[in-house]
Enquirer: 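Encoded as C-alpha cells, here's the structure I'll be asking about.
Positions are given from 1, in the same order as the sequence printed here. Here the structure is a predicted model, which is why all the values come from computation and not from measurement.
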Amino acid sequence: RNRYPMKYGLIFLLLAVCVLCFTLYNMDVSDHKSSTITPINAITPLRPSEPASVCSFHSASPENVKEVNLLKESIAWPETPSVPPGFSLNDTSDPAHSTFTILPRRGGGSWHVGDQLEVLIKVSDFRGRPRKSGGDLLYARLQNRAVFAGVAGKVFDHRNGSYTAVFSLLWEGDAKVEVTLVHPGEAVTVLERLTKEQPDRIYFESIFRSGSIKESTECNVCLKAPKQKLCNYTDLDTGEPWFCYKPKKLNCDTRMTHSKGGFRQRIKPVEEQLFKSGVNMKVSIPGSGPSNISILPELKGKICLTICSTGPAGYYYQGVWRTLDGTTVRQFNNATAISQCLKGKALHLYGDSTIRQWFEYLTSTTPDLKMFDLKSPKQTGPFMALDFKNNILVTFRCHGAPIRFGNLLISQMRYIASELKGLVGGTNTVVVIGIWSHFSTFPVEVYIRRLLSIRTAVRQLLTRHPGTLVIIRTANPKALSLYETLTNSDWFSIQRDKILRAIFKGMNVKLVDAWEMCLAHHLPHSLHPQPPIIKNMIDVVLSHTCPLGESSKGAISQKKERKEKQVRTS
C-alpha cells in the first residue's frame with residue numbers, strides 16, 4: 001500500500017531536479033554571452049511600467065517635497081504670450097516703441113531723500129500697439145554718473161502690458177531713471193519651454209582610461225537609458241545624482257576626468273529673432289517725458305522708507321557700495337589693510353568662476369599672499385595661497401558637477417556640502433559660497449536639491465563651530481548673446497537668485513548681494529564683473545570679517561595698553 005505514494009514522490013523529486021538543472025544551464029549560457037559577470041542584485045530589471053530612464057531631473061527626497069513645492073511657487077512667473085509656429089516678431093515687445101513716465105510725488109511737492117519714486121512703464125509691440133499681456137523681463141535703476149551713484153529699482157508686473165518701477169531715493173542731487181527690456185514675454189516662453197523639453201541641452205563627458213585603453217562617454221544629472229547601460233556616480237554622502245554612459249571596453253571605476261561636452265541648440269530660426277542684441281534683448285526703453293529728477297535733503301522727522309524690507313540691499317555713492325542692512329562697509333584700499341583684516345585667519349572660497357575671481361583679486365592685490373603651487377589647472381583649481389608673516393590661508397575649490405569646466409580630475413571634484421562637513425571652523429575661519437551659473441539649463445529642482453544639501457552642511461558647521469563666518473554670494477546679471485541666453489539667461493539667474501535667498505533666509509549667514517551691486521553700477525553687465533565692482537564685493541566680505549565695532553574695540557584696547565605702559569614706565 002505504501003509503494004505507490006513513494007513512487008509518485010520520487011517522480012516529483014526527479015522533475016524538480018530537472019527544472020533546477022535547466023534553470024542553472026540557462027543562467028550559465030546567459031553569463032557566457034556577456035563579457036562581464038553581473039553580481040546578484042547589482043541590476044534590478046526594468047518593469048514594463050517603469051520609464052526608460054532610471055533617474056530624474058525633478059527628484060526630491062520625501063522630507064523636502066513640501067519645501068521644494070513652496071520654493072517653486074515663490075518664483076512663479078506671470079503668464080507669458082504663446083509662440084505659435086507662424087508668429088510674427090512685429091507682435092512682440094519692442095523697446096523702441098515702449099515708454100516710461102515718472103509719476104508725480106505722492107502728496108505733491110519736491111522729491112526728498114527717503115522718498116520713493118514711482119515710474120510707469122508701458123510696453124508696445126513693433127507696430128506701436130500697446131501690449132495686453134505681461135511677462136516681459138525688465139530692469140530699472142537710478143543713476144547719477146557725476147557722483148558715481150546708483151541704485152536698483154523694483155519692477156512690478158501688472159500683467160496687462162504696463163509695469164511700475166519703484167526706486168528709493170538715497171542721495172541729494174540729480175538722479176536719472178534708466179529702464180531696460182531684457183527679454184520680451186515671448187522670449188521667456190521659449191526659455192521656459194527649453195528647460196522643460198531640453199534639460200540636457202548642456203551635456204558633459206568623462207574620459208575613462210586603463211593602461212593603453214581610453215574611452216569617452218556622455219554624462220549628466222540624468223541620462224535616458226536602462227540601469228545596465230549606465231555608470232551611477234550618485235554621491236553617497238550628499239545624494240547628488242550623476243550618471244555616465246558605460247564605456248564599451250572599460251568598467252565604471254576607470255573614470256578619470258570630467259568636462260563640459262557641448263551644447264545642443266534646438267531652437268527654431270524664427271524663435272532666434274526673439275533674442276537679438278540691440279533690438280529686443282537688453283535694450284533701453286526711452287522716457288515719454290523728463291527722465292531726470294532733483295532730490296532735496298531728507299525732511300526732518302521723516303522715516304526713511306529705504307530701510308524697509310521692501311527696499312534695496314544697498315546703493316553706490318562716490319563709487320562705494322553702502323549697504324542698508326546695518327553693515328558698515330569699510331574701505332580696504334591697500335594690501336596692508338587687507339592683510340591686517342585677514343591676519344590669523346583662514347578664508348575658504350567654494351563655488352564657480354565668479355568665486356575664483358575673488359581668489360584672483362586677493363592674490364593679485366596682496367603681495368605677501370603667495371600662491372602655493374598645487375600643479376592645478378588655472379580654470380579648475382584647487383588653489384591655495386599663504387601669507388606666513390601674517391598667518392593667512394586662502395583657498396579656492398570649485399563646486400561639483402554639473403560644472404562646465406574642462407578636464408577636471410575626478411579625484412579633485414568635490415561637493416561643497418562634503419567639504420564643509422570636513423572643515424574645522426571657528427572664530428578665525430571664513431567660508432564663502434557662490435554657486436548658481438552652472439545650474440541654469442536644468443530644472444530648478446536640481447539647484448534646490450544642491451542648495452538644501454549645502455544648507456544642511458552649513459547648519460552642521462555652525463553647530464560645531466558657532467564662531468565660523470559664512471558668506472553667501474548671490475547671482476549677477478551678465479552680457480547676453482544668443483548662446484549665453486539659451487544656456488545662462490538672466491531670466492534663469494533671477495529664479496535661482498530668489499531660491500538661494502529663500503533657502504538661506506533666517507540662517508546665521510551673511511549675504512553679498514552681487515545682483516544689486518551689478519545692476520546698480522554703471523558698468524556693463526558681465527558674468528565676471530569688472531574690477532571696481534569686485535573691489536566693492538571684497539570690501540563687503542572683509543567688512544563682515546572685520547566689523548568696524550570689533551576694530552574699534554581693538555584700537556581702544558591697544559590705546560589703553562600703551563597708556564598703562566607709559567604710566568608704569570614713568
Enquirer: Look up atom OG1 in T395 and atom CG in L347, then write down how far apart they are to the nearest 0.5 Å.
Expert: 7.0 Å

Enquirer: Sort out for me which residue in Y317, W171, Y316 forms a side chain to side chain contact (heavy atoms under 4.5 Å, CB included) with V151.
Expert: W171

Enquirer: Does the pair R356/E360 count as a salt bridge with the N-to-O cut at 4.0 Å?
Expert: yes

Enquirer: With side chain to side chain contact (heavy atoms under 4.5 Å, CB included) as the test, would you mind laying out the steps for L169 and I293 before giving the verdict?
Expert: CA-CA 10 Å; L169 304 184; I293 64 167; 4.1 Å; yes

Enquirer: Any side-chain donor paired with an acceptor under 3.5 Å for D136 and S93?
Expert: yes

Enquirer: State the OG1-CD distance between T80 and E192, to the nearest 0.5 angstrom.
Expert: 6.0 Å

Enquirer: Would you find a donor on one side and an acceptor on the other, under 3.5 Å apart, between the side chain of N488 and the backbone of E484?
Expert: no

Enquirer: With the side chain counted from C-beta on, respond yes when F504 and R455 share a heavy-atom pair under 4.5 Å apart, and no when they do not.
Expert: yes

Enquirer: Donor-acceptor check, side chain of R330 to backbone of C546, threshold 3.5 angstrom: yes or no?
Expert: yes

Enquirer: Working to the nearest 0.5 Å, report the span between NZ of K510 and OG of S543.
Expert: 11.5 Å

Enquirer: In terms of relative ring orientation, are F359 and F396 parallel, tilted or perpendicular, with 30° and 60° separating the classes?
Expert: tilted

Enquirer: Which pair of non-hydrogen atoms, one from P286 and one from P95, has the smallest distance, and what is that distance?
Expert: CD-O, 3.3 Å

Enquirer: Check whether any side-chain heavy atom of I448 lies under 4.5 Å from a side-chain heavy atom of E67, and answer yes or no.
Expert: no

Enquirer: Is any side-chain heavy atom of L274 closer than 4.5 Å to a side-chain heavy atom of T189?
Expert: no

Enquirer: Any idea which heavy atoms bring S133 and P81 closest together, and the distance?
Expert: OG-CG, 3.3 Å

Enquirer: Which heavy atom of R141 sits nearest to which heavy atom of L519, and what is that distance?
Expert: CD-O, 3.2 Å

Enquirer: Can the ring centroids of F405 and H438 be said to lie less than 6.0 angstrom from one another?
Expert: yes

Enquirer: Can you name the closest pair of heavy atoms from T101 and S288 and give their distance?
Expert: OG1-OG, 2.5 Å

Enquirer: Measure the shortest side-chain to side-chain distance between I295 and E172 over non-hydrogen atoms and say whether it is less than 4.5 angstrom.
Expert: no

Enquirer: For K282, does the NZ atom sit with more than 12 other heavy atoms under 6.0 Å from it, leaving out its own atoms?
Expert: yes

Enquirer: May I ask you to decide if the ring planes of Y447 and F439 are parallel, tilted or perpendicular, using 30° and 60° as cut-offs?
Expert: tilted

Enquirer: So, does S526 use its side chain to make a donor-acceptor pair with the main chain of H528 at under 3.5 Å?
Expert: yes

Enquirer: Are any side-chain N or O atoms of S294 and backbone N or O atoms of D174, one a donor and one an acceptor, separated by less than 3.5 Å?
Expert: no

Enquirer: Find the distance between CZ (F383) and SG (C398) and round it off to the nearest 0.5 Å.
Expert: 9.0 Å

Enquirer: Would a distance-only check, ignoring hydrogens and angles, find a side-chain to backbone donor-acceptor pair under 3.5 Å from S82 to P84?
Expert: no

Enquirer: Counting only N and O atoms by type, is there a donor-acceptor contact under 3.5 Å from the side chain of D157 to the main-chain atoms of G135?
Expert: yes

Enquirer: Could you check whether the rings of Y139 and H525 sit parallel, tilted or perpendicular, using 30° and 60° as the cut-offs?
Expert: perpendicular

Enquirer: Which heavy atom in T327 sits nearest to a heavy atom in H544, and how many Å separate them?
Expert: OG1-CE1, 3.5 Å

Enquirer: Take atom CZ of R145 as the centre, draw a 6.0 Å sphere, and report whether it contains more than 12 heavy atoms from other residues, nucleotides or ligands.
Expert: yes

Enquirer: Is the closest side-chain heavy-atom distance between L117 and V166 below 4.5 Å?
Expert: no

Enquirer: A side-chain contact here means heavy atoms from C-beta on lying under 4.5 Å apart; do H183 and T485 qualify?
Expert: yes

Enquirer: Start with the C-alpha distance between E516 and W321, add both sets of side-chain angles, then the distance that settles side chain to side chain contact (heavy atoms under 4.5 Å, CB included), and finish with yes or no.
Expert: CA-CA 10 Å; E516 288 199 21; W321 181 252; 4.1 Å; yes

Enquirer: Surrounding CD of Q460 (heavy atoms of other residues, nucleotides or ligands, distance under 6.0 Å), is the total greater than 12?
Expert: yes

Enquirer: Do P443 and K72 touch side chain to side chain, with heavy atoms closer than 4.5 Å?
Expert: no

Enquirer: Could you check whether any side-chain N or O of R201 sits under 3.5 Å from a backbone N or O of L486, counting only pairs where one atom can act as donor and the other as acceptor?
Expert: yes

Enquirer: Can you see which heavy atom on N144 is nearest to which on G173, and at what distance?
Expert: ND2-C, 4.5 Å

Enquirer: In plain terms, say whether D513 and R501 are close enough for a salt bridge, that is, a side-chain N and a carboxylate O under 4.0 Å apart.
Expert: yes

Enquirer: For residues N292 and I102, determine if any side-chain heavy atom of one lies less than 4.5 Å from a side-chain heavy atom of the other.
Expert: no

Enquirer: Quick one: does T474's side chain have a donor or acceptor within less than 3.5 Å of a partner on W515's backbone?
Expert: yes

Enquirer: In terms of side-chain geometry, is the basic nitrogen of D91 or R129 positioned less than 4.0 Å from the acidic oxygen of its partner?
Expert: yes

Enquirer: So, taking the atom named CG in N69 and the one named NZ in K66, what distance separates them when rounded to the nearest 0.5 Å?
Expert: 10.0 Å

Enquirer: Partners of D539 by salt bridge (charged side-chain N to carboxylate O under 4.0 Å, His left out), sequence neighbours excluded?
Expert: K535

Enquirer: Are there more than 12 heavy atoms of other residues, nucleotides or ligands under 6.0 Å from atom CZ of F148?
Expert: no

Enquirer: Is it the case that the side chain of R105 and the backbone of S110 share a donor-acceptor pair, with hydrogens and angles ignored and the cut-off at 3.5 Å?
Expert: yes

Enquirer: Can you tell me how far NZ of K154 sits from CD of E118, rounded to the nearest 0.5 angstrom?
Expert: 14.0 Å

Enquirer: For L451 and R496: C-alpha separation, side-chain torsions, deciding distance, then whether side chain to side chain contact (heavy atoms under 4.5 Å, CB included) applies.
Expert: CA-CA 10 Å; L451 289 188; R496 279 137 193 83; over 6 Å; no

Enquirer: Under the side chain to side chain contact (heavy atoms under 4.5 Å, CB included) rule, what do S453 and Y415 come out as? Steps first, then yes or no, please.
Expert: CA-CA 9 Å; S453 69; Y415 291 103; over 6 Å; no

Enquirer: Hey, does the side chain of H158 reach the backbone of Y163 with a donor-acceptor pair shorter than 3.5 angstrom?
Expert: no

